[in-house]
Amino acid sequence: MTSLSEMLKKAISKFISSTTVDEGAINELVRGIQRSLLIGDVNVEIVQKISENVKKRAVEEKLPPGISRKDQVIKIVYEELVNLLGEETAKLNIPKDRRYIIMMVGIQGFGKTTSVAKLAYYLKKSGYNVGVICADTYRPGACDQLEQLLRDTKIPVYRSDNEEDPVKIVKEGIVKLTSDGVKVVLIDTAGRHKSQDTLMEEVRTLQKEINPDEVMLVIDAGIGQQAGLHAKAFHEAAPIGSIFLTKMDTSAKGGGALSAIAVTNAKIKFIGTGEKIDDIELFSPTGYVGRLLGLGDIEGLLEKFRLAELEMDEKRAEAFMRGEFTLEQFVKQLKDLRKAGPLSKLISKLPLPGVQNIPDETLKSAEKQIEKWDAIICSMTPEERMDPHIINSSRIKRIARGAGVLEKDVKNLIKQYRIAKKFMKTAKRLPKKFLKTMQ
Ligand SMILES: Nc1nc2c(ncn2[C@@H]2O[C@H](COP(=O)(O)OP(=O)(O)OP(=O)(O)O)[C@@H](O)[C@H]2O)c(=O)[nH]1
Ligand SMILES: [Mg+2]
């Protein structure tokens, strides 16, 4: 692993072994993370943002039952780093039942030929019928290199040593490979041009003439945050469908390259993690960050959180059903419910007497009210939120003005809150099973 990883691991293990988790310990952890990310060539602004988020969340987020503060901080760091790379694991998205052409492009020495071989082998192992075309007419021995890499795989390599025009080679290659039953065709192109301009020109011509299903840009992770600009420049020559980021095993700047590409919205599909043919991975931000932090059991930690949070929700829902809730909790619960779907649909499912008789109109207007109520709650003092009894007419006036609503809206919220509380208290205790369905 890279030194970014080593530094991050050091910062994390220091934090884990600290005796208390106070502001000092959190600040030190954040400083360690900052240093590591900067050495990993992550953009300074991004580093600043992550540091702020970690500090803020570590102070603000409630500790779920049974979870230690340390675990919580680690989880926050993990989530912020994953967030930096976009959460989704890359998808292969290559059909098995029709011909699919992938053209690999990129600058000299970035790892195209190696990555073509890796990808071909990866796809073959995943059940695809793969063939490869060597369209590099610049680099002496380019086709031998490809054949050598694929020697033990039985993957066919098409080459045409007397032809100079890559477009012709590719066209002939596609015909030949397809007639042999190949479905996925990978094209290795040349990177050894006089300048980036002539390289782009060739990419543009190939794109136009061949019209591949996917153009995959190969980038060396060693260029760090430059990778973002690079991806953009190539995208202008030919729409880039995906990115293969190589040399993640040897480059200290892999983190910077990944994060810079992530902000361009380009999709990193694969990473190269060594020189051998099976040193290839479908890119997963969660997997990458987990390894970066050296957290062996990040999944276990996340699961612990999910369970604790579920328990917290369940407790809250039970209290709610017993009529034990403050005005603020009342509005929050309604908002949470609404996130799960239209209020009317949810309420109609309640196994409560009389629920079916609540007029639709009431429910619809309740939905509209929730946003208003949220604003009203915001303009209340903490005491008022805890105990609405103290809200007299002058307070109502102030709250209404602060929330930009009418006084009758404030009165209405308090009234609805009282009705809901009474309703819940008198309703029969709900079976646990139902409470689960509410989450
Ligand atoms: N450690 C490591 N080395 C890699 C990786 N990918 C490629 N390489 C090495 O990088 C060097 C250049 O790789 P090539 O595949 O020849 O690069 P290319 O882009 O085809 O180069 P041109 O054909 O000259 O444009 C080789 O020594 C590869 O072994 C990787 O993921 N990790
Ligand atoms: Mg090559």
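Counting starts at 1 for both ligands and their atoms, in listed order.
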For residues [X] and [Y], is any side-chain donor paired with an opposing acceptor at under 3.5 Å?
X      : Y      : value
Arg69  : Gln72  : yes
Ser242 : Glu214 : yes
Glu164 : Thr137 : no

Nearest protein heavy atom to [atom], by residue and atom, and its distance?
atom                    : answer
atom 12 (C) of ligand 1 : Gly109 O, 3.6 Å
atom 30 (C) of ligand 1 : Gly274 O, 3.0 Å
atom 1 (N) of ligand 1  : Asp249 OD2, 2.8 Å

Give yes or no for whether the N/O distance cutoff of 3.5 Å, strictly under, is met between [X] and ligand 1.
X      : value
Thr246 : no
Ser115 : no
Met248 : no
Lys118 : yes
Ala190 : no

Open item on the list: Once you restrict to heavy atoms under 4.0 Å, what part of Asp136 touches ligand 1? Side chain, backbone, both or neither.
Closed with: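 Contact part for Asp136 vs ligand 1: side chain (C-beta onward).
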For the pair [X] and [Y], find out whether any cationic side-chain nitrogen is under 4.0 Å from an anionic carboxylate oxygen.
X      : Y      : result
Glu79  : Lys75  : yes
Arg291 : Glu281 : yes
Asp71  : Lys304 : yes
Asp161 : Arg159 : yes
Lys56  : Glu52  : no
Asp188 : Lys112 : no

Is ligand 1 less than 4.0 angstrom away from at least one heavy atom of [X]?
X      : answer
Gly106 : no
Ile107 : yes
Asp279 : no

For [atom], tell me which residue out of [options] has the closest non-hydrogen atom.
atom                    : options                        : value
atom 27 (O) of ligand 1 : Glu275, Gln145, Lys112         : Glu275
atom 13 (O) of ligand 1 : Thr114, Thr273, Leu245, Thr113 : Thr114
atom 23 (O) of ligand 1 : Lys247, Arg139, Lys276, Glu281 : Arg139

- [ ] Can you sort out which atoms of ligand 1 are near Gly272, meaning under 4.0 Å from one of its heavy atoms?
- [x]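 Per the distance check, 31 (O).
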TODO: Output yes if Thr114 passes the N/O/S-under-2.8 Å test against the Mg ion (ligand 2); output no otherwise.
DONE: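 Of the N, O and S atoms in Thr114, none lies under 2.8 Å from the Mg ion (ligand 2), which means no.
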Open item on the list: Centre-to-centre under 6.0 Å for Tyr122 and Phe270, is that the case here?
Closed with: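 Under 6.0 Å, so yes.
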- [ ] Output, in order, the C-alpha distance, side-chain angles, deciding distance and verdict of side-chain contact (heavy atoms from CB on, under 4.5 Å) for Asp279 and Asp249.
- [x] CA-CA 9 Å; Asp279 293 329; Asp249 53 318; over 6 Å; no
